[in-house]
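Just so we're on the same page: letters track the sequence lines, and every chain starts at 1.
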Amino acid sequence: MPELPEVEAARALAERWTVGRTIVAADDADEWVCRPHPPGEIVTAIVGRRVESVERIGKSMWLVLDDGSRLGLHLGMAGRLVGLAPESSGLPDTAGEPLTARERSDWSMPVRSGSRPTPTGLPGEGSWSRFTIELDDGGRLVLFDKRRLGRVRLNPDLSGLGPDALLVDEDTFVTRVGRGVLPLKARLMDQATIAGIGNLLCDEILWQAQQPPLRPASDLSEAELRELHGIVHACTREAMVRGGVHLGDVIEHRKKGEHCPRCGAEMVRATVGGRTTWWCSFEQAWPPVED
DNA sequence: AACAATGTTCAGTC
DNA sequence: GGACTGAACATTGT
């Protein structure tokens, strides 16, 4: 799920569950998700610290602790954050998106072997729960990640990230995006250029903008880049309102045999910027179709 | 069974 | 060094 809109929802959830509270325990036993930190290193660093705020740039977020250190959380390809109330056996806080039946099963009664050596059997400690912190009010924040591509890092290096896609101003956007020979889609998804746009949101943005994913980024005029900046902002906001990038207008048409919901032409597929990309064969053709 | 999957990283090439 | 490419990463879903 996680592109900028989903990560922002997760950040807000983490904020509600942790800010102003002190971390009293943590589980960093997953050596893959917590790498390169050996088990116990993160626990030692964060237990006893109070959470001051939860920040985000693009798809990266981090807790700011009262000693100035940061605890980085990245959801990877399929991770999500879940809040669990004290003594709760009831429904966890999933910020709107409920757990599926299978996920609830793992959440409440871990039965799989998975990566966790010793499941405790407590709610929120199933094998898909990769990292947990417990706060002084008894609440817990859990990184729930079936695919295990999420990451937890102490003081993560964020220097490689470009400006957040929702905050970047128009002039900066024009300068950074309208450069280089990369296909426009690859340029928009490059987190060093602009942070926050992933595969689905990018397909939606380019479809809304009627821009070809394969068009070289530097081929766009300044006027086109300024318009694109507005569409990036609008699509990202809209995804937040709707509750996820998967609810975009064109996303359900990213399938073989589907047609453009605007002009009816066939949707076509190719790999662009290393990801499966769908676009309207007529409106987003490159080079453009002349009549 | 084979392949794709909302992301990042790293080795390799130009 | 910078820009770019493609495979790898761990695991699940189709």
Side-chain angles (χ1 to χ4, degrees), chain A residues 1-10 30-36 56-61 72-81 95-97 99-103 105-107 110-116 126-131 143-153 156-162 165 176-207 214 216-218 235-236 238-240 242-248 250-252 254-256 269-278:
Chain A
M1 304 174 81
E3 301 186 36
L4 190 156
E6 289 85 359
V7 177
E8 173 53 26
D30 190 313
E31 297 185 54
W32 178 256
V33 168
C34 296
R35 81 194 128 80
R56 179 192 63 75
I57 295 178
K59 306 170 195 168
S60 296
M61 68 183 134
L73 301 174
H74 197 292
L75 302 179
M77 195 90 104
R80 56 198 302 189
L81 289 185
E97 192 78 17
L99 300 176
T100 65
R102 251 189 104 194
E103 288 170 342
S105 163
D106 180 88
W107 176 266
V111 287
R112 353 169 102 255
S113 53
S115 56
R116 176 179 302 278
S127 55
W128 287 337
S129 296
R130 310 297 184 178
F131 178 78
L143 173 60
F144 190 80
D145 180 16
K146 289 192 281 199
R147 269 182 78 183
R148 219 183 173 200
L149 288 169
R151 300 193 314 262
V152 180
R153 291 298 121 85
D157 176 16
L158 306 165
S159 62
L161 289 178
R176 299 181 72 97
V177 175
R179 173 171 47 87
V181 299
L182 271 186
L184 180 56
K185 178 169 182 183
R187 176 56 68 217
L188 283 172
M189 283 199 306
D190 175 12
Q191 304 300 299
T193 301
I194 297 291
I197 300 172
N199 195 32
L200 291 188
L201 182 57
C202 201
D203 276 5
E204 176 72 13
I205 287 167
L206 292 174
W207 181 79
L214 288 172
S218 57
C235 285
T236 306
E238 182 64 19
M240 292 171 63
R242 293 188 186 190
V245 295
H246 60 292
L247 298 174
V250 85
I251 303 304
E252 58 185 314
R254 297 171 83 257
K255 284 181 206 155
K256 194 178 167 203
R269 179 201 135 123
T271 297
V272 183
R275 315 299 297 185
T276 297
T277 303
W278 290 87

- Item | Shortest side-chain distance from A/Arg130, nucleotide among C/dG13, C/dC4, C/dT11 | C/dT11
- Does OP1 or OP2 of C/dT11 have a side-chain N or O of A/Trp32 closer than 4.0 Å? no
- Take the protein atom CG of A/Asp190 and the nucleotide atom P of B/dT8, then report the distance between them rounded to whole Å. 10 Å
- Do A/Arg254 and A/Asp203 come close enough that some side-chain heavy atom pair is under 4.5 Å? yes
- Query: Rounded to the nearest Å, what distance is computed from the CD1 atom of residue A/Ile251 to the P atom of nucleotide B/dA5?
  - Reply: 12 Å
- Message: Among A/Lys185, A/Arg275, A/Glu204, exactly one meets side-chain hydrogen bond (donor to acceptor under 3.5 Å, both in side chains) together with A/Asn199. Which residue is that?
- Response: A/Lys185
- Query: Given that both distances must come in under 3.5 Å, which nucleotide forms a Watson-Crick or G-U wobble pair with B/dA4?
  - Reply: C/dT12
- When the C1' atoms of C/dC4 and B/dT6 are considered, how many whole Å apart are they? 23 Å
- Query: Can you tell which of B/dT6, C/dC4, C/dC9 lies closest to the side chain of A/Arg187?
  - Reply: C/dC4
- Message: With a 4.0 Å cutoff (strictly under), does any side-chain N or O of A/His74 reach OP1 or OP2 of B/dG7?
- Response: no
- Counting any heavy atom closer than 4.0 Å, what does A/Leu182 reach on the DNA or RNA strands: base, sugar-phosphate only, or nothing? sugar-phosphate
- Rounded distance in Å - CG (A/Leu81) to P (B/dT6): 20 Å
- Task: Measure the spacing between CG of A/Leu143 and CG of A/Asp30 and express it to the nearest 0.5 Å.
- Result: 9.0 Å
- Message: Can you tell me if A/Arg148 touches the phosphate of C/dT11, counting only side-chain N or O atoms and a distance under 4.0 Å to OP1 or OP2?
- Response: yes
- Has the side chain of A/Arg275 got a donor or acceptor that lies under 3.5 Å from a partner of the other kind on the base of B/dG7? yes
- Would A/Asp106 and A/Lys146 pass as an ion pair if we require N to O under 4.0 Å? no
- Pairing nucleotide - B/dC10, Watson-Crick or G-U, each distance under 3.5 Å: C/dG6
- Query: For A/Leu149 and B/dT9, what is the distance between atoms CG and P respectively, to the nearest whole Å?
  - Reply: 11 Å
- Task: Starting at atom NZ of A/Lys255, determine the distance to atom C1' of B/dT6, rounded to an integer number of angstrom.
- Result: 16 Å
- Message: Could you tell me how far apart A/Met189 (CE) and C/dC4 (P) are, to the nearest whole angstrom?
- Response: 14 Å
- Side chain of A/Arg151: nearest nucleotide among C/dT5, C/dT11, B/dT8? B/dT8
- Query: Atom CZ of A/Phe144 to atom P of C/dT12: distance rounded to whole Å?
  - Reply: 11 Å
- Which nucleotide in the set C/dA3, B/dA4, B/dG7 lies at the smallest distance from any side-chain heavy atom of A/Arg179? C/dA3
- Any A/Lys59 side-chain nitrogen or oxygen under 4.0 Å from OP1 or OP2 of B/dT8: yes
- Note on the structure: When rounded to whole Å, the NE2 to P distance for the pair A/His246 and B/dA5 reads 16 Å
- Message: I'd like to know if A/Asp145 pairs up with A/Arg148 as an ion pair, taking the criterion as any Lys NZ or Arg NE/NH1/NH2 lying under 4.0 Å from an Asp or Glu carboxylate oxygen.
- Response: no
- Task: By nearest nucleotide on DNA chain C, pick out whichever of A/Arg147 and A/Gly273 is the more 5' one.
- Result: A/Gly273
- Message: Heavy atoms only, 4.0 Å cut-off, all strands: where does A/Gly198 land among base, sugar-phosphate and nothing?
- Response: sugar-phosphate
- Item | Gap in Å between the two P atoms, one belonging to B/dA11 and one to C/dA10, rounded | 15 Å
- Nearest-nucleotide pick for A/Gln191, side chain only, options being C/dT11, B/dA5, B/dT8: B/dT8
- Note on the structure: Separation between CD1 (A/Ile197) and CG (A/Leu188), nearest 0.5 Å, reads 5.0 Å
